[in-house]
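Below: one structure, written as structure tokens.
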Amino acid sequence: MINISLPDNSVKQYPEGITSQDIAKDISEGLARNVLAAKVNGEVIDALQPIHDDAEVKLLTWDDPEGRDAMWHSSAHLMAEAIEQLYPGVKFGIGPAIENGFYYDIDPGEHTITQEDLPKIEKKMKELAKQKQEFVREEVPKKQALDYYKKKGDEYKVELIDELEDGTITFYQSGDFTDLCRGPHIPHTGPIKAVKLLSIAGAYWRGDENRKQLTRIYGISFPKKKQLDEYLEMLEEAQKRDHRKIGKELEIFTFSQNVGSGLPLWMPKGAELRERLEQFLKRLQREAGYDQVITPHIGNVNLYKTSGHFQKYGADSFQTIKTPNEGEEFMLKPMNCPHHCEIYKAKQFSFRDLPVRYAEFGTVYRYEQSGELHGLTRVRGFTQDDAHIFCTPEQVKEEFKGVMDIILKIFKALDFENFVAQVSLRDPKNKENYIGSDENWERSEQAILDITEESGLDYVVEYGEAAFYGPKLDFMVKDALGRSWQLGTVQVDYNLPERFELEYTGSDNEKHRPVMIHRAPFGSMERFVAVLLEHTAGKFPLWLTPEQVRVLPISEKYHKFAEKVLSLLQNYDIRGQIDRRNEKIGRKIRDTELMKIPYMLIIGEKEEQEDKVSVRKQGEGDKGSMSLDEFAKEMKNTIDNELNV
RNA sequence: GCCGAUGUAGCUCAGUUGGUCAGAGCAGCUGAUUUGUAAUCAGCCGGCCGGCGGUUCGAAUCCGUCCAUCGGCUCCA
């Protein structure tokens, strides 16, 4: 007998070799039906795998992320099985579970698989799922595994196995399909009740663009049809919120092929919105002791050679431009930091002057590959809410905290309630991709880790995600639909100060090197506005929205009164317009609702006589009538509250 | 950049196998209506069917190429 301890701290005795599935059965039939995998001593294994020693066991169901992973991973196998049956001879790459669902990379060989084939594959999957095919785990020697795939002619699997150590190779078999796989898998295909293949796309074998491009099919599956329906509904909602769609509808921005792809044009309402965001941040920065600076859009190529940007990115960026007579070379500014370093160098600093904080809404230009451009989130010209803090090593912590304060205030004012911090460190295996000494890197990485830990924020650590000159702390926010976006970023940098030979005089009367902190709370104005559009579905907070109120006269007769109403609102700094069109009130309301303008003031004979306004709130309907003064004060209050962060 | 898909009026989309196929709705303009909480009616304007080449008696429709957009991959200071 062995002792099995469960998450509720109970310990039960079972015969040696019992499976998690049987433990579940012992607890309840219902649980046994729902168990997808198990975590045994911290390791996720099949529910059908025997347990030989005393262990801590957690049964995993759909409610556990690891349970869902097992389900989706098994779904990928199921899809492969279906594909193999429908298209004999296809070869398989890898088929993992991902954040939302699964995919499988396949080499279709002589077949072509297109979007139209997906329903067919789906149907086959459902058929196979109903057979409740058991996922049978088998450990095989490396040679046998290689022979199997060599015989089958699947060079991708052969390559994968070649890199594995002998003795660790496991195969899983379900129905007629056998796959090299680490597992874990769900007990059988039965729980895959609802499945949807979502898209098909090309993907390089092993992510290497020099290697063959395989066909990747994405899908998702659920144990209940209803969950799939809900998920598909959520996808539809996400599509409705696509910033490219509502950004166009609300006249926030546009693109023109005549200007160039990836170069956004901000329309008046978008510019108004952006201006508000900038003013808001400028206020916070003023309060935090920042100084505003301004730098040009191009800079001598030598500047970026000094910073290292040219060596690192020059080959892939926009070509340099030259002066006609002297032949001097300039680059479109890809980063603001070198310019800010030069501003720092223009003056002498004592330790008493530090920290120095230079802020600029700096527009930068980067050549992004054509296939990578995407709405406002990935563009070739964008404005960073950039700032560089030059401080003493002792001040780093305090300054870093100040930056985090600003970021958190912004998230609060804009209703981003869910976010996690991501500490991005360099890839320890590829140190040559980064500039600067090991010592500097270790110092800055440790600083970021310490500060993040002390802040008490939730955070994850990612290796290989650092900037080439220093580690980063990025803020990933979750929007209203639960999708993650990377927004604000803070970076500690010991390297650029060295490259630019920045100095300050210490209390010892010696020259010292300052530390630089790069930070951008919004990230870029373009990207931030895109995320904001999707997060709010265009219903911006009152303080931010370009048009806060629209006055809707019942007919022309009340235009005079409407003007009086509007000018009173303007005295309160409330932004609005009058709908003077010769339309019925229903029409004016509809159009105003669709433009997501938060308040409508309907005025007609009654309102004019009583000197009141009828208030209608976007998305909520008629709120009854009140005096204009009362309305304006209430609005002002709401706005002040929103901004009081 | 790579793979695949798409590209018809300002917007959303119809246009079967190449032959009155250049259309609709919305928007816009003009006029009528002077309106009470999500679309008043009528008339009109508007397109070199993404660009360029080709096949054909004839191309929005077939082929090639370039550009752009979309879905991914790779990349992201």
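Each chain gets a letter, A, B and so on, in the order the sequences are listed, and its residues count up from 1.
The CE atom of Met595(A) sits 14 Å away from the P atom of A27(B) (whole-angstrom rounding). The separation between Gln422(A) atom CD and C76(B) atom C1' is 13 Å, rounded to whole Å. Going from atom CD of Gln618(A) over to atom C1' of U37(B) covers 14 Å, rounded to whole Å. Following rounding to the nearest Å, His340(A) (NE2) and A77(B) (P) show an atom-to-atom distance of 18 Å. In this structure, Ile106(A) atom CD1 and G4(B) atom P are separated by 14 Å, rounded to whole Å. In this structure, CG of Leu214(A) is placed 13 Å from C1' of G72(B), rounded to the nearest angstrom. Here the C1' atom of nucleotide G28(B) and the CZ atom of Arg587(A) are 12 Å apart, to the nearest Å. Rounded to an integer number of Å, the gap from CD of Glu249(A) to C1' of A27(B) is 13 Å.
Classification of Asp438(A) and Arg426(A) as a salt-bridged pair holds, one side-chain N sitting under 4.0 Å from a carboxylate O. Electrostatic pairing of Lys612(A) and Glu607(A) does not count as a salt bridge here, judged by no charged N lying under 4.0 Å from a carboxylate O.
Closest contact between the side chain of Ser317(A) and the listed nucleotides G36(B), C75(B), A77(B) involves A77(B). For Arg378(A), counting side-chain heavy atoms from C-beta on, the closest listed nucleotide (C75(B), A38(B), A77(B)) is C75(B). Listed candidates were A38(B), C67(B), A77(B). Nearest to the side chain of Pro334(A) is A77(B). Relative to the side chain of Lys248(A), the nucleotides U12(B), A77(B), G1(B) differ in distance, and U12(B) lies closest. Listed nucleotides G71(B), C75(B), A77(B) differ in distance to Lys472(A); the shortest reach to its side chain belongs to A77(B). If you check G1(B), G71(B), G36(B) against the side chain of Ile554(A), the one that comes closest is G36(B). The nucleotide whose nearest atom lies closest to any side-chain atom of Gln257(A) is, among A77(B), A68(B), A38(B), A68(B). Nearest nucleotide to the side chain of Ala201(A), out of G36(B), U34(B), G72(B): G72(B). In this structure, of G36(B), C76(B), C75(B), it is C76(B) that holds the atom nearest to the side chain of Tyr313(A).
Using atom C1' as the reference point in both A38(B) and C26(B), the two lie 16 Å apart (nearest Å). Look at the P atom in both A59(B) and G19(B): the space between them is 11 Å, to the nearest Å. Going from the C1' atom of A14(B) to that of G31(B) covers 30 Å, rounded to whole Å. With C1' as the reference atom, A24(B) and G15(B) are 11 Å apart, rounded to whole Å. For the P atom pair drawn from U17(B) and U6(B), the interatomic distance equals 14 Å after rounding to whole Å. Taking the C1' atoms as reference points, G47(B) lies 11 Å from G23(B), given to the whole Å. C57(B) and C70(B) are spaced 38 Å apart, taking the C1' atom of each and rounding to whole Å. Taking the C1' atom of each, U56(B) and U61(B) are spaced 13 Å apart, rounded to whole Å.
In this structure, a donor-acceptor pair under 3.5 Å is absent between the side chains of Thr254(A) and Lys248(A). Between the side chains of Gln384(A) and Asn336(A), a donor-acceptor pair is found at a separation under 3.5 Å. In summary, the side chains of Glu159(A) and Trp205(A) do present a donor paired with an acceptor at a separation below 3.5 Å, with no hydrogens or angles considered.
Base pairing of U6(B) is made with A68(B), judged by Watson-Crick or G-U wobble geometry with both donor-acceptor distances under 3.5 Å. Pairing partner, G1(B): C73(B), with both Watson-Crick or wobble hydrogen-bond distances short of 3.5 Å. Pairing of C49(B), defined by two Watson-Crick or G-U wobble distances under 3.5 Å, is not identified with any nucleotide. As the counterpart of G31(B), C41(B) is assigned, both hydrogen-bonding distances of the Watson-Crick or G-U wobble pattern falling under 3.5 Å. For A14(B), there is no paired nucleotide, since no Watson-Crick or G-U wobble pair has both relevant distances below 3.5 Å.
The shortest distance between the side-chain N/O atoms of Tyr204(A) and the OP1/OP2 oxygens of C2(B) is not below 4.0 Å. Residue Arg244(A) places at least one side-chain N or O closer than 4.0 Å to OP1 or OP2 of C70(B). Residue Ser370(A) has a polar side-chain atom (N or O) positioned under 4.0 Å from OP1 or OP2 of G1(B). OP1 or OP2 of U40(B) has not a single side-chain nitrogen or oxygen of Arg590(A) nearer than 4.0 Å. The phosphate of G71(B) (OP1 or OP2) has a side-chain N or O of His374(A) nearer than 4.0 angstrom.
The residue among Val615(A) and Cys337(A) whose nearest nucleotide of RNA chain B lies closer to the 5′ end is Val615(A). Of the two residues contacting RNA chain B, namely Asp622(A) and Ala466(A), the nearest-nucleotide position lying further toward the 5' end is that of Asp622(A).
Across all strands shown, Glu465(A) has no heavy atoms under 4.0 Å from either base or sugar-phosphate atoms. Nucleic acid contact for Phe255(A): none, since no nucleic acid atom lies under 4.0 Å from a heavy atom of the residue. Residue contacts for Arg216(A): at a heavy-atom cut-off of 4.0 Å it reaches the sugar-phosphate backbone alone, with no base atom in range.
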Could you walk me through whether Glu329(A) and Thr320(A) pass the side-chain hydrogen bond (donor to acceptor under 3.5 Å, both in side chains) test, one step at a time? CA-CA 6 Å; Glu329(A) 280 188 89; Thr320(A) 56; 2.7 Å; yes

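Side-chain atoms of Gln115(A) never come within 3.5 Å of backbone atoms of Ser199(A) as a donor-acceptor pair (strictly under, hydrogens ignored).
Judged by ring centres under 5.5 Å apart and planes tilted less than 30 degrees, Tyr218(A) fails to stack against the six-membered base ring of G72(B).
A centroid separation of 6.0 Å or more is found between the aromatic rings of Tyr304(A) and Phe310(A). Taking the ring centroids of Tyr358(A) and Phe390(A), they lie under the 6.0 Å cut-off.
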